[in-house]
J.: 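Input: one structure, supplied below.
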2 protein chains.
Amino acid sequence: MSEQARSVRDFNRYYSQRIGLLTDRYLGQDRPLSEARLLYEIGTGASVRDLRTRLGWDSGYLSRSLRSLEGQGLVQLRAHETDGRVRVAELTAAGTAELAELERRSTAAASELLAPLTVSQRAELIAAQHRTRQLLRLAAVTVEVVEADSAAARHCLTEYAAELSIRFPEGYDTRALVDPAEVSGAGGAFLVGYEQGRPIGCGGIRTLGPGTAELCHLWVHGDARGLGLGRRLLAELERQAVTRSLHTVRLGTHRSLSEAATLYRSAGYHQIPVYGDSPYNQLCFERTLADDVPGKAAPSLDPGGVRLQFAGGRRGG
Amino acid sequence: MSEQARSVRDFNRYYSQRIGLLTDRYLGQDRPLSEARLLYEIGTGASVRDLRTRLGWDSGYLSRSLRSLEGQGLVQLRAHETDGRVRVAELTAAGTAELAELERRSTAAASELLAPLTVSQRAELIAAQHRTRQLLRLAAVTVEVVEADSAAARHCLTEYAAELSIRFPEGYDTRALVDPAEVSGAGGAFLVGYEQGRPIGCGGIRTLGPGTAELCHLWVHGDARGLGLGRRLLAELERQAVTRSLHTVRLGTHRSLSEAATLYRSAGYHQIPVYGDSPYNQLCFERTLADDVPGKAAPSLDPGGVRLQFAGGRRGG
DNA sequence: AGAGATCTCTGACTATAGTCAGAGAAGTGA
DNA sequence: TCACTTCTCTGACTATAGTCAGAGATCTCT
């Protein structure tokens, strides 16, 4: 673990050197890097408030930067339609052109970087970067036990239901959603995964009978598929089951969700006869859990390590 | 290509955000990031001159930074043994402790980053980062045709000979090195690969007979093995052969250099009877080249791309 | 020995990226 | 309506990172 941490650290060190060359010298060639970032963040238009949280900047600093871009004719500010306090920044024609130029430049820099590689090496680099990024995104996701009727949980379940109603040929009846009381407290749990504060996945367990849990509503946002979040949520739900002495986990899924069946099979679930009366239970799985669930969550840091704050970002007074 | 460039660019953008959090907030928590970098770069001791080139800093800036670290009791400066102009920076006991603390912190930050991942996901991340870095390093290497008696070429050949004299049970006699005149001009060529200005690999071809070239002294520095540089040098040497109308390339290698034999085989070479009178030619290979050598060097940029300066770094007035 | 190059250092300056306090306008809930 | 909050903005300040010119010591080459 510690050796792996060192490897990650060295990669960061190497990459920050390389990236420094790229971003500093090319992206922001004619203008401060901060202004370039701001232009990029404004994109098709954003409220000052959103920009402030997205960039994590001081309001004074942001205001001044916007004033500067406005002075250069790249940005226009107007009042929000409904909230008179809020101002909305939009790119002017010149600003849009400038952003396009920045994009062109950074893409060209990336092209230049790829140029010396052979075709297969390039493909390999793209794939390795892609996987690196996926795993880093996954590592940045925090999974929390929440109330099933909290805003985050309801948000996820709404998206979940909306997606199923599209994917199931027969549609999806939201009355099939679990009763919040069942996935909470001593008999159940509901988990939500957040990426930078935004809920991007969920899942619940409830007690089905003595020692038996049912897993339900495991869902990952379309943007976040392929990261391995489903697997992580599943492992975490299993841990929740074990702490409630529920050593048998079963679940039903729909025939059209083939990737779900694949996930359960690869996580050690075996198919069982269909149970329950839900019309959406077309394929059922079960698994018996040992007391220590494999694929379990984060072991603690190596002994010498301090606990550092990560998520959120600000210095955390 | 352009899509790949966009993918690389997006990765850079994502990673620079992540990295910003890491380096700014953790590495340089108590002191400016630049001082932390300088401490790291001094390590076990380095001349001011080397630091200047390694960090790419202005001499005034570096001098002042060193003065600051000296004032904090972390660094001591002394004169160079042989060159009175040069000053050498060394960490004091306090400096060494401080560096260890920085290392510990950044390793802990990396640990924290890995924590949410499963064991196999961690291994995957390490592997993907490793490959990413290898390919980026390879992409940053420039391969140039040089005079075989230039400083860079002699440097490589010296290291090459030193390594062979260790690896060959019978040692290596430097009189077996090729005559510089043979690997230059119309009948030959000598290539050196540079990573950030430092020679890290070489190789030559000379004319053996009509239409036949001999490849010799293909070498990659220990630090740079596994990048794919040997393959790149080989491909480039083959291109040089073709431009000289040498369509048959042969070479001899030593039985103890198994990785070399593997490289040649995988690059399309087949074994031939031993030729020549060198005692080190124990395993010989040959390949016939078409006019366009596969695995050839960098295709040009996509049409819209500008040519940007990369190597070297400074703004290039 | 002398010319020219190299190396380090100091002084003076600039640009970028922030931070902090507080004012004033606009919304929100009792 | 009134207290409170939210949002944006301005003024004043600081830290970090860097640039440029030139002085003085030392080395190298002829």
Side-chain angles (χ1 to χ4, degrees), chain A residues 16-17 20-21 23-25 27-39 41-42 46-72 75-90 313-317, chain B residues 16-17 20-21 23-25 27-39 41-42 46-72 75-90 313-317:
Chain A
S16 62
Q17 283 177 359
L21 286 179
T23 47
D24 297 0
R25 307 244 165 250
L27 184 59
Q29 213 155 28
D30 302 338
R31 65 184 68 256
L33 191 56
S34 60
E35 286 189 359
R37 278 214 286 159
L38 180 50
L39 274 179
E41 213 60 52
I42 292 172
S47 71
V48 173
R49 183 164 156 263
D50 285 354
L51 292 172
R52 191 147 30 78
T53 57
R54 286 219 295 267
L55 289 161
W57 287 3
D58 173 85
S59 67
Y61 184 44
L62 175 57
S63 183
R64 232 181 310 275
S65 301
L66 284 168
R67 211 66 44 232
S68 162
L69 290 179
E70 209 178 15
Q72 294 167 61
V75 162
Q76 269 187 332
L77 285 134
R78 59 170 178 77
H80 193 269
E81 282 99 44
T82 58
D83 190 336
R85 295 167 302 182
V86 177
R87 301 247 286 158
V88 175
E90 277 168 351
R314 300 302 85 201
R315 193 165 275 168
Chain B
S16 62
Q17 283 177 1
L21 287 178
T23 47
D24 296 359
R25 306 242 165 250
L27 183 60
Q29 213 153 29
D30 303 338
R31 66 184 66 259
L33 190 57
S34 60
E35 286 190 359
R37 278 214 287 160
L38 180 50
L39 274 179
E41 213 60 52
I42 292 172
S47 70
V48 173
R49 182 163 155 266
D50 285 354
L51 292 172
R52 193 147 28 79
T53 57
R54 285 219 294 268
L55 289 161
W57 288 3
D58 174 84
S59 67
Y61 183 44
L62 175 57
S63 183
R64 231 181 311 274
S65 301
L66 284 169
R67 210 66 43 232
S68 162
L69 290 179
E70 207 177 17
Q72 294 167 60
V75 162
Q76 270 187 333
L77 285 135
R78 58 169 180 76
H80 194 268
E81 283 98 43
T82 57
D83 189 335
R85 296 166 302 181
V86 176
R87 301 246 286 158
V88 175
E90 278 169 350
R314 302 298 88 201
R315 194 165 279 170

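Note: hydrogens, waters and symmetry copies are ignored here, and every other heavy atom, side chains too, is used. In what follows, chains carry the letters A, B, and so on, assigned in the order in which the sequence lines appear, proteins first and then strands, with residues in each chain numbered from 1. The structure presented is a predicted model; accordingly, all values stated were derived computationally and were not measured.
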J.: Which pair of heavy atoms, one from Arg52(A) and one from Leu62(A), lies closest together, and at what distance?
T.: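 Scanning both residues completely, I find the closest heavy atoms to be N-CD2, 3.6 Å.
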J.: Determine: side-chain N/O of Arg49(A) to OP1/OP2 of dT8(D), distance under 4.0 Å, yes or no.
T.: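 Indeed not, no polar side-chain atom of Arg49(A) lies that close.
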J.: Taking C-beta and beyond as the side chain, do Asp50(A) and Glu41(A) meet within less than 4.5 Å on heavy atoms?
T.: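 The answer is no, as the side chains (C-beta and beyond) never meet within the 4.5 Å cut-off.
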J.: Under 4.0 Å between a side-chain nitrogen and a carboxylate oxygen: does that hold for Glu81(B) and Arg78(B)?
T.: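 Result for this pair is yes, salt bridge flagged.
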J.: Whole-Å distance between dT8(C) P and Glu70(B) CD?
T.: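 Between P of dT8(C) and CD of Glu70(B): 14 Å.
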J.: Within the structure, does a side-chain N or O atom of Ser34(B) lie under 4.0 Å from either OP1 or OP2 of dA17(D)?
T.: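 So the side chain of Ser34(B) is within the cut-off, an N or O lying under 4.0 Å from OP1 or OP2 of dA17(D).
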J.: Expected output is a numbered-order residue list: members of residues 79-87 of chain B with a heavy atom under 4.0 Å from any atom of DNA chain D. What is it?
T.: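 Residues of residues 79-87 of chain B under 4.0 Å from DNA chain D: Thr82(B), Asp83(B), Gly84(B), Arg85(B).
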J.: In whole angstroms, how far is the C1' atom of dT8(C) from the CG atom of Leu66(B)?
T.: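 For the pair Leu66(B) CG and dT8(C) C1', the rounded distance is 10 Å.
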J.: For Arg64(A), what residues pass the side-chain contact (heavy atoms from CB on, under 4.5 Å) criterion, not counting sequence neighbours?
T.: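 Partners of Arg64(A) under the side-chain contact (heavy atoms from CB on, under 4.5 Å) test: none.
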J.: If I take atom CG in residue Asp58(A) and atom P in nucleotide dC9(D), what distance separates them, rounded to the nearest angstrom?
T.: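 After rounding, the reported distance stands at 13 Å.
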J.: Round to a whole Å and report the spacing from CZ of Arg31(B) to P of dT16(D).
T.: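 My rounded result for the distance is 11 Å.
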J.: Can you check side-chain contact (heavy atoms from CB on, under 4.5 Å) on His80(A) and Arg49(A), steps first, answer last?
T.: CA-CA 11 Å; His80(A) 193 269; Arg49(A) 183 164 156 263; over 6 Å; no
J.: In whole Å, what is the span from the CD atom of Glu35(A) to the P atom of dA15(C)?
T.: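 The distance from CD of Glu35(A) to P of dA15(C) comes to 13 Å, rounded to the nearest Å.
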J.: How far apart are the closest heavy atoms of Arg37(B) and Trp57(B), and which atoms are they?
T.: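 Shortest heavy-atom separation between Arg37(B) and Trp57(B) comes out as NH2-NE1, 3.9 Å.
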J.: Check whether the side chain of Ser59(B) and the base of dC7(C) form a donor-acceptor pair under 3.5 Å.
T.: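 Answer no: no donor N or O sits under 3.5 Å from an acceptor.
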J.: Tell me the interatomic distance from Tyr61(B), atom OH, to dT14(C), atom P, rounded to whole angstroms.
T.: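 The distance from OH of Tyr61(B) to P of dT14(C) comes to 18 Å, rounded to the nearest Å.
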J.: I need the CG-C1' distance between Leu33(A) and dA17(D), as an integer number of Å.
T.: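 Spelled out: CG on Leu33(A) to C1' on dA17(D) is 13 Å.
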J.: Taking all atoms of both residues into account, what is the closest heavy-atom pair of Ala89(A) and Ile42(A), and its distance?
T.: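 That would be O-CG2, 3.7 Å.
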J.: Identify which nucleotide among dT19(C), dT8(C), dT19(D) has an atom closest to any side-chain atom of Arg52(B), counting heavy atoms from C-beta outward.
T.: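 Nearest nucleotide to the side chain: dT8(C).
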J.: Nearest whole Å is fine: how far is dT10(C) C1' from Leu62(B) CG?
T.: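 The distance from CG of Leu62(B) to C1' of dT10(C) comes to 14 Å, rounded to the nearest Å.
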J.: If you go through the side-chain atoms of Arg64(A), does one of them form a donor-acceptor pair with the base of dG11(D) closer than 3.5 Å?
T.: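 Flag set: donor-acceptor pair detected.
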